[in-house]
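First up is the structure itself, then whatever we jot down about it.
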Number of protein chains: 2
Amino acid sequence: MKQISSRFSIAVHILSLVATVPSECTGDFIAGSVNTNPVIIRKIIGLLKKAGLVEVRAGVGGTRLTKDIDQITLLDVYRAVEVIENGELFNFHNHPNPLCTVGRNIESVLRAELREAQTAMEQKLSQVSLQHLITKFE
Amino acid sequence: MKQISSRFSIAVHILSLVATVPSECTGDFIAGSVNTNPVIIRKIIGLLKKAGLVEVRAGVGGTRLTKDIDQITLLDVYRAVEVIENGELFNFHNHPNPLCTVGRNIESVLRAELREAQTAMEQKLSQVSLQHLITKFE
DNA sequence: TTCGTTAGAACTATACTGGTTACAACCGGT
DNA sequence: ACCGGTTGTAACCAGTATAGTTCTAACGAA
């Protein structure tokens with residue numbers, strides 16, 4: 001199966017850098033720490049900007065957080081970067097046969113359970129702030 | 001982002017059918033209820049068989065559960081069908097720069113948190129048995 | 001104005017998904 | 001022993017997401 005894109009871990013990396021090294025935080029510098037192409041970084045910063053997590057000064061360079069580091073959670077980052085259709089982690093097969101008891105019921109019954117599982121995961125993410133992460137660095 | 005494959009929901013559908021309509025449960029019949037191609041069904045049944053959840057009688061047709069329906073959970077099905085490399089839901093960017101504090105620490109710190117989030121989700125899945133699902137059908 | 005930077009379009013290679021066709025192997029019933 | 005329905009796979013396809021590259025335009029401070 002496809003894992004959740006590394007965009008997420010890169011985004012967290014970017015925000016951690018911006019939080020701990022606010023000066024010198026150009027796309028190229030970040031790309032050097034993440035060890036990837038600057039364009040990848042710019043794309044992800046674009047998503048973070050769209051989500052209102054960072055401000056970017058075009059031209060002169062530099063990215064700033066728009067919130068305190070204890071106000072940004074992993075869930076914020078996840079939502080900013082993992083743009084899933086209507087936010088559903090689990091996919092469903094389409095149009096099961098309505099003439100069959102299982103086909104008629106499976107979607108609504110299963111979807112409710114999977115929604116709970118997804119929510120459990122997201123709640124865990126919402127409990128971890130950027131601050132929490134950064135203080136664990138050595 | 002890529003959602004978790006509909007293989008999962010199809011697998012649950014298959015098992016629900018096998019549990020509720022044990023006779024007549026050929027690949028073609030199941031495909032008719034799921035509304036897809038029989039080969040898709042056979043492939044997924046192959047995964048379920050590999051995981052020890054079902055027995056299949058080749059040639060004459062028919063699939064049987066190997067456990068009671070209250071002994072099969074959504075997590076069992078998920079694990080059987082969503083074959084992720086070493087079971088990690090979240091992907092990581094490779095080789096962050098070890099010369100940078102963030103690059104050096106991000107992976108281990110973040111991975112621990114994401115592992116917890118994943119575990120929270122899987123635990124929810126493990127609390128839902130096939131029996132639980134089936135009794136909700138109308 | 002110039003230079004480093006951000007913004008983003010366009011393109012590539014790779015891989016997964018869901019699906020199809022085709023064919024071999026299986027096995028109970030006649 | 002054959003037949004017919006079934007399972008088990010291989011091979012292939014179109015569509016799409018990922019991660020990455022190259023290139024160009026626009027921005028803005030010195």
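Just so we're on the same page: letters track the sequence lines, and every chain starts at 1. What you are looking at is a predicted structure, and each value in this text was computed from that prediction instead of being measured. Hydrogens, waters and symmetry mates play no part in the numbers below; they use all other heavy atoms, side chains included.
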Nearest-Å distance for atom pair [atom1]/[atom2], residues [X] and [N]:
| X | N | atom1 | atom2 | answer |
| --- | --- | --- | --- | --- |
| I44(A) | dA19(D) | CD1 | C1' | 10 Å |
| I14(B) | dT7(D) | CD1 | C1' | 13 Å |
| I41(B) | dT20(C) | CD1 | P | 11 Å |
| K50(B) | dT9(D) | NZ | C1' | 11 Å |
| L47(B) | dT17(C) | CG | P | 11 Å |
| H13(B) | dG18(C) | NE2 | P | 15 Å |
| K2(A) | dG18(C) | NZ | P | 13 Å |
| N94(B) | dA19(D) | CG | P | 10 Å |

Got a list of protein N/O to nucleotides 21-24 of chain D N/O distances below 3.5 Å?
residue, atom, partner, partner atom, Å
dT21(D), OP2, N37(A), ND2, 2.4
dT21(D), O5', N37(A), ND2, 3.4

Working to the nearest 0.5 angstrom, can you tell me the gap between [X] [atom1] and [Y] [atom2]?
| X | Y | atom1 | atom2 | answer |
| --- | --- | --- | --- | --- |
| I45(B) | L53(B) | CD1 | CG | 11.5 Å |
| K43(A) | N37(A) | NZ | CG | 8.5 Å |
| E113(A) | S108(A) | CD | OG | 10.5 Å |

Whether [X] contacts [N] is assessed here as follows: a side-chain N or O lying under 4.0 Å from the phosphate OP1 or OP2. Is that the case?
| X | N | answer |
| --- | --- | --- |
| S5(A) | dA19(D) | yes |
| S6(A) | dA19(D) | yes |
| K49(A) | dT6(C) | no |

Need one value for N91(B): base, sugar-phosphate or nothing, where a base atom within 4.0 Å counts as base even if backbone is also close, heavy atoms only.
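Sugar-phosphate: the residue N91(B), judged by heavy atoms under 4.0 Å, touches backbone atoms but no base.
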Measure the shortest side-chain to side-chain distance between Y78(A) and V12(A) over non-hydrogen atoms and say whether it is less than 4.5 angstrom.
no
L65(B) versus L15(B): any side-chain heavy-atom pair under 4.5 Å?
yes
I41(A) pairs by side-chain contact (heavy atoms from CB on, under 4.5 Å) with which of T26(A), I10(A), T63(A)?
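Result for side-chain contact (heavy atoms from CB on, under 4.5 Å) with I41(A): I10(A).
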In this structure, are over 12 heavy atoms from other groups packed under 6.0 Å from R111(B) atom CZ?
yes
Taken in chain and number order and not counting sequence neighbours, the residues that satisfy salt bridge (Lys or Arg N to Asp or Glu O under 4.0 Å) with R115(B) are E88(B)
Which is it for H93(B) and V34(A) under the side-chain contact (heavy atoms from CB on, under 4.5 Å) test, yes or no, and what are the steps along the way?
CA-CA 8 Å; H93(B) 53 295; V34(A) 172; 3.6 Å; yes
Under 3.5 Å, which protein N or O atoms sit close to an N or O of nucleotides 1-5 of chain C? Give each pair with its distance.
residue, atom, partner, partner atom, Å
dG4(C), N2, G59(A), O, 2.6
dT5(C), O4', G59(A), O, 3.4

